[in-house]
Colleague: 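The structure follows.
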Amino acid sequence: AVVGMASRRIQPDEARELSADGAGSMVLPQQEHLIAVDSLIVITNPENELTSITLDQLRGIYSGEVTNWSELGGVDAPINVIDRQESSGTRNVFMNTLFAEGGNAAKPTDYIAGDNNDMAAMVYADPNAIGFVGYAFQRGTSALELVNECGIPTTPDAFSAKTEEYPLQRRLYLYNRGDTITEASADFIKYATSSDADGVIAKSGFIDLSVK
């Protein structure tokens, strides 16, 4: 493959392996291309009256310390925590951000979603569920505001993602090999990183890089 897409930045061992294969330095500007940003939205069932959650509370839910909605001011019902497979890039960003300072880690759960669409469908079908999806995959669920350490709530919208005020977010990348780049591949990358692609990115439900 000449071009690859990633929902996180390339890891050092991946870059070293590609470099050893003759692909060049994957972190050079001519090989690493930022094309969009994406907020990871914490979602609940539409019947859930909770509108916001702190990062500490969210960390408590996924570590197994918080197990009932009444602990968050909600109804007396168990929290059904929905997770993704460990191989999921979305999960990787979510958990690394949530447990960045170490300490408790995510507790295994019986509810595993196959992808973003599956996660949204499971939360939509379960009044006691909580999960996380990319910005484009909310699918009728309720998005929670995240409250930071200063007590300031942040709405998961395009503005907070572009300004990087929203704490659970990621950047979306295109990577290309440096040794086998073709004219067609170069033209595609040029288009994907230009303002001409902003409308397509937004229409797809992701957050483009245009200045508003």
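Nothing fancy with the numbering, it's 1 onward along the sequence. The structure presented is a predicted model; accordingly, all values stated were derived computationally and were not measured.
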Colleague: Does any N or O in the side chain of Ser204 come within less than 3.5 Å of the main-chain N or O of Phe206, such that one atom is a donor and the other an acceptor?
Modeller: no
Colleague: Is the Phe132 ring parallel, tilted or perpendicular to the Phe94 ring (thresholds 30°, 60°)?
Modeller: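 Ring orientation, 0 to 90° scale: parallel.
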Colleague: In this structure, which one of Leu144, Thr51, Ile79 forms a side-chain contact (heavy atoms from CB on, under 4.5 Å) with Thr44?
Modeller: Leu144
Colleague: Out of curiosity, Gln57 CD to Glu71 CD, how far, rounded to the nearest 0.5 Å?
Modeller: 10.0 Å
Colleague: Does one hydrophobic cluster hold both Leu172 and Val27, with members joined at side-chain heavy-atom distances below 4.5 Å?
Modeller: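 Leu172 clusters together with Val27.
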Colleague: NE2 of His33 to OH of Tyr175: how many Å apart, nearest 0.5 Å?
Modeller: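 His33 NE2 to Tyr175 OH: 9.5 Å, rounded to 0.5 Å.
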Colleague: State, to 0.1 Å, how close Ile10 and Leu18 come at their nearest heavy-atom pair, and which atoms those are.
Modeller: CD1-CD1, 3.9 Å
Colleague: How far does CG of Asn45 sit from OG of Ser142, to the nearest 0.5 angstrom?
Modeller: 7.0 Å
Colleague: Hey, any chance Tyr62 and Ile112 share a hydrophobic cluster, counting ILVMFWY side chains that come within less than 4.5 Å of each other, even indirectly?
Modeller: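 Cluster IDs for Tyr62 and Ile112 differ.
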Colleague: Does Arg59 pair with Asp56 as a salt bridge, N-O distance under 4.0 Å?
Modeller: yes
Colleague: Rounded to the nearest 0.5 Å, what's the gap from CG on Asn116 to CG on Asp38? Could you check?
Modeller: 8.0 Å
Colleague: Do the side chains of Asp208 and Lys162 get close enough for a salt bridge, i.e. N-O under 4.0 angstrom?
Modeller: yes
Colleague: What do the steps show when you test Thr90 against Val133 for side-chain contact (heavy atoms from CB on, under 4.5 Å), and what is the final call?
Modeller: CA-CA 8 Å; Thr90 301; Val133 293; over 6 Å; no
Colleague: CG/Leu34 to CG/Leu209 distance, rounded to the nearest 0.5 angstrom?
Modeller: 5.0 Å
Colleague: Taking all non-hydrogen atoms of both residues into account, name the closest pair between Ala106 and Arg91 and its distance.
Modeller: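 Minimum heavy-atom separation between Ala106 and Arg91: CB-NH2, 3.9 Å.
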Colleague: Determine yes or no for a side-chain-to-main-chain donor-acceptor pair under 3.5 angstrom, with Thr109 supplying the side chain and Val81 the backbone.
Modeller: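 At least one qualifying donor-acceptor pair exists.
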Colleague: What verdict does the side chain to side chain donor-acceptor pair (under 3.5 Å) test give for Asn68 and Asp76, after you've listed the backbone C-alpha separation in whole Å, the side-chain angles of each residue and the deciding distance to 0.1 Å?
Modeller: CA-CA 6 Å; Asn68 195 290; Asp76 184 11; 3.0 Å; yes
Colleague: Would you confirm whether Gln31, through its side chain, and Ala23, through its main-chain N or O, come within 3.5 Å as a donor-acceptor pair?
Modeller: yes
Colleague: Give me the atom names and distance for the closest heavy-atom approach of Ala197 to Ala192.
Modeller: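 Minimum heavy-atom contact is CB-O, 3.7 Å.
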Colleague: Can you give me the closest heavy-atom contact between Leu40 and Tyr166, atom names plus distance?
Modeller: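 Shortest heavy-atom contact: O-OH, 2.9 Å.
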Colleague: Between Asn128 (side chain) and Ala77 (backbone), is there a donor-acceptor pair under 3.5 Å?
Modeller: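 It does not hold such a pair.
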Colleague: Are any of the side-chain heavy atoms of Asn48 and Ile130 separated by less than 4.5 Å?
Modeller: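 They are not in side-chain contact.
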Colleague: Rounded at 0.5 Å granularity, tell me how far CG in Leu72 sits from CD1 in Ile53.
Modeller: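 Reported value, rounded in 0.5 Å steps: 5.5 Å.
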Colleague: For Glu145 and Thr155: C-alpha separation, side-chain torsions, deciding distance, then whether side chain to side chain donor-acceptor pair (under 3.5 Å) applies.
Modeller: CA-CA 5 Å; Glu145 291 185 336; Thr155 302; 3.0 Å; yes
Colleague: More than 12 non-hydrogen atoms from neighbouring residues, nucleotides or ligands closer than 6.0 Å to OH on Tyr173, yes or no?
Modeller: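 Atom OH in Tyr173 is crowded, with more than 12 foreign heavy atoms closer than 6.0 Å.
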Colleague: State whether the side chain of Thr97 and the backbone N or O of Val93 hold a donor-acceptor pair below 3.5 Å, judged by distance alone.
Modeller: yes
Colleague: Do the side chain of Ser194 and the main chain of Tyr191 share a donor and acceptor less than 3.5 angstrom apart?
Modeller: yes
Colleague: Quick check: does any side chain N or O of Asp126 sit under 3.5 Å from a backbone N or O of Met122, one acting as donor and the other as acceptor?
Modeller: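 Judged by distance alone, no pair lies under 3.5 Å.
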Colleague: Give me the atom names and distance for the closest heavy-atom approach of Ile207 to Ile201.
Modeller: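 Closest pair (atom of Ile207, atom of Ile201, distance): C-CG2, 4.0 Å.
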Colleague: Taking it one step at a time, do Glu164 and Arg171 satisfy salt bridge (Lys or Arg N to Asp or Glu O under 4.0 Å)?
Modeller: CA-CA 10 Å; Glu164 299 191 341; Arg171 297 176 177 182; 2.6 Å; yes
Colleague: Between Met95 and Glu86, is the side-chain contact (heavy atoms from CB on, under 4.5 Å) condition met? List the steps.
Modeller: CA-CA 10 Å; Met95 294 302 179; Glu86 290 190 8; over 6 Å; no
Colleague: Dump the intermediate steps for side-chain contact (heavy atoms from CB on, under 4.5 Å) on Asp118 and Arg84, then the final yes or no.
Modeller: CA-CA 10 Å; Asp118 192 23; Arg84 294 280 302 275; over 6 Å; no
Colleague: Does one hydrophobic cluster hold both Phe159 and Val37, with members joined at side-chain heavy-atom distances below 4.5 Å?
Modeller: no
Colleague: Quick one: closest heavy-atom pair of Ser185 and Val3, and the distance?
Modeller: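 Closest approach of Ser185 to Val3: CB-CG2, 4.0 Å.
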Colleague: Same cluster or not: Tyr124 versus Tyr135, using hydrophobic residues (I, L, V, M, F, W, Y) connected whenever any side-chain heavy atoms lie under 4.5 Å apart?
Modeller: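 Different hydrophobic clusters.
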Colleague: Among the clusters formed by ILVMFWY side chains lying less than 4.5 Å apart, do Val147 and Trp69 turn up in the same one?
Modeller: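 Each belongs to a different hydrophobic cluster.
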